[in-house]
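Taking it in order: structure first as structure tokens, then the write-up.
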Amino acid sequence: MPDVSNTVIADALEELGDLYELDGAIVHRVLAYRRAAQSVRESARSVGGLAQAGRATELAGIGATLQEKILALVQTGAIPAAERLREQFPPGLLALTRLPGVGAKRARLLQRELGIDSLQALREAALAQRLRTVKGLGPKFETSVLAALDELAAESDGEENELPRRATRLLLPAALELGAALTEGLHTQGPTDADVRIAGSARRGADAVKDLDLVAVTEHPQELTQALGRLDEIERVASTSVAGARGRTHSGVAIDLRIATPAQLGNLLQHFTGSAAHNATLRTRAVRAGLHVSEYGVLDDADGASRMCATEAEVYELLGLPWIAPELREDRGELEAAARGELPRLIELGDIRGDLHCHTVASDGRATIAEMARAARDRGYEYLAITDHSASHGFGNGVSPGELAAQIERIAELDARLEGIELLAGSEVNILPDGSLDYADELLARLDWVVASVHTAFGMSQERMTERMIAAIEHPLVDAIGHPTGRLIQRREPYAVDLAAIFAAAARTGTLLEINGNPDRRDLCETHARAAAAAGARLVIDSDAHRTQTVANMRWGVLTARRAWLTPADVANTLPWPELARRRKRTTPRGATPRS
DNA sequence: GCCGTTTTCGGCCCGACTGTTTTCAGTCG
């Protein structure tokens with residue numbers, strides 16, 4: 001039976017939802033497909049495997065019908081309904097719906113009335129002024145369609161792709177940096193009473209954001225939207241009203257600024273922090289209690305009064321809930337947990353006592369051991385493990401066995417001289433394709449800390465990759481597995497590996513799994529990290545810093561951990577080094593790995 | 001198509017903006 005990855009299943013369900021939408025299905029049915037696709041994409045278990053066992057319905061949003069369709073996809077390579085609909089609605093028609101201002105209904109209308117089923121045909125019809133002959137469409141629609149087509153062509157280097165690639169998102173650090181610049185600009189150039197905050201997925205700490213949502217309260221909304229247009233970063237402001245403005249930066253990032261009165265800051269922040277799914281579930285719960293939540297207030301059916309909230313906590317309190325951290329607001333059970341009073345005490349950056357993965361000039365880093373040590377000490381850490389790449393890293397920047405022995409001496413010398421931080425000798429050792437490590441055990445045994453990572457041969461089969469990684473997990477001297485899936489956000493998919501088996505092996509052996517804080521990685525990702533902890537594995541959050549500045553990347557790893565619902569007890573490097581050292585599996589009797 | 005402290009059937013959040021309309025449909029977040 002061929003492996004069908006969760007990504008492939010999720011894409012198929014999303015496509016099927018799109019096709020049903022073109023077919024005129026009610027919106028709830030279409031949304032059901034999109035929710036199911038999301039659920040599959042986020043699952044750490046193999047959904048194909050679950051479907052074969054008849055258990056895909058264990059996932060949220062998957063019922064008997066979708067279990068059957070996923071099974072068909074796994075067993076035959078296709079979903080019959082999708083095959084049928086694809087003949088009716090060619091890919092070019094789906095491409096139309098990716099244009100701003102064109103949804104499923106208009107795409108279908110264009111196909112039915114004018115026979116348009118591609119971007120090319122749409123452009124020709126718009127130029128010939130034929131779109132306006134359709135009832136409900138007019139000259140302005142033609143203009144906006146041509147503008148959208150031009151923009152698309154410019155973005156894809158002049159090629160009019162039938163299926164435009166998804167616009168690239170902004171990685172979180174860049175999004176927050178842009179958000180900080182814009183809020184500061186609005187505070188200096190806008191009305192003096194303005195209070196501007198970052199909302200949306202950037203506030204939730206997502207890996208990457210599609211656009212930047214800002215919320216503001218002021219008694220002078222016009223002055224604020226005018227100030228937005230004057231900011232250096234802003235290329236244009238498309239539409240403005242007292243409720244806000246929309247624009248884009250010179251770098252092409254869409255900016256959504258929403259404005260209300262100071263008494264409504266809580267409602268506004270809550271609404272525009274999202275996620276859409278969190279809000280939808282929140283509001284459905286509220287309706288059952290006779291309450292209607294919007295960005296302007298909470299309307300109570302009982303007295304017809306709308307209550308404004310200056311803080312988010314007041315919004316949640318009106319619904320009988322404690323405040324929920326933005327990182328949790330993804331509709332992954334947080335509302336149910338809040339209602340039961342069982343929200344986790346999320347880990348914070350201040351809980352981290354040390355960093356167990358960084359590089360120096362000995363391999364591909366840019367700073368010396370002493371410089372990295374001072375940077376870690378300045379951040380208030382109690383310990384730092386120096387973990388340069390092992391011998392076979394390649395590019396001539398690996399550390400040979402002889403060099404590692406010398407490095408251990410250097411680290412010991414510096415540790416003896418340096419006050420305020422404990423330096424640990426470590427290595428990020430390669431997991432070779434056969435699952436072995438590229439230092440001898442005698443050398444590894446001299447190290448305080450060993451991170452084992454996959455850096456080569458990403459393309460092997462899931463079965464072999466799983467065996468390879470489990471071999472490393474079972475190695476008695478491996479303390480942690482670095483960036484366990486190898487993904488690079490928006491650039492490289494995770495390699496094929498059976499994560500459930502990895503988590504089980506890590507839990508069984510007491511091997512830690514890393515949340516790598518490099519903002520391009522954040523690996524494990526939030527849903528995988530959560531599943532790992534649920535499977536009984538413990539985690540470690542590392543910066544993987546290659547220079548002194550990126551020691552601060554711990555921040556992104558902590559955000560991922562928070563989005564994974566992790567508490568300090570789930571994360572090993574919240575412990576002081578002596579206690580963590582005692583808990584390394586090499587110093588712990590088999591099967592007695594303690595969980596805090 | 002999913003789901004259940006109203007329910008195994010009948011619901012399934014809330015509002016803004018745009019362009020086309022004389023009151024609304026479609027799209028978007």
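Just the heavy atoms: all of them, side chains too, but no hydrogens, waters or symmetry mates, feed the values below. Lettering of chains follows the sequences in order, A, B, ..., and the numbering in each one begins at 1. Since the structure is predicted, the reported quantities are computational estimates derived from the model, not experimental observations.
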Ignoring backbone atoms, establish whether T284(A) has a side-chain N or O less than 4.0 Å from OP1 or OP2 of dC13(B).
yes
Taking only side-chain nitrogens and oxygens of H28(A), does any of them come within less than 4.0 Å of OP1 or OP2 of dG1(B)?
no
Any side-chain N or O of S144(A) under 4.0 Å from OP1/OP2 of dT18(B)?
no
Could you check which nucleotide pairs with dG11(B) in any of the strands shown, counting Watson-Crick or G-U wobble with both distances under 3.5 Å?
dC2(B)
Round to a whole Å and report the spacing from CG of D331(A) to P of dC2(B).
16 Å
Is the phosphate of dA25(B), meaning OP1 or OP2, less than 4.0 Å from a side-chain N or O of K135(A)?
no
Can you confirm whether the side chains of E334(A) and H278(A) place a donor and an acceptor under 3.5 Å from each other?
yes
Proximity to the side chain of R29(A) - top-ranked nucleotide from dG29(B), dC12(B), dG1(B)
dG1(B)
If only side-chain N and O atoms count, and only distance matters, is there a donor-acceptor pair under 3.5 Å linking H250(A) with R236(A)?
no
Between dA16(B), dG1(B), dC17(B), which one does the side chain of S241(A) approach most closely?
dC17(B)
Which of dT27(B), dC14(B), dG1(B) is nearest the side chain of K105(A)? It is dT27(B)
State, without any angle test, whether Q226(A) and Q222(A) hold a side-chain donor-acceptor pair at a distance under 3.5 Å.
no
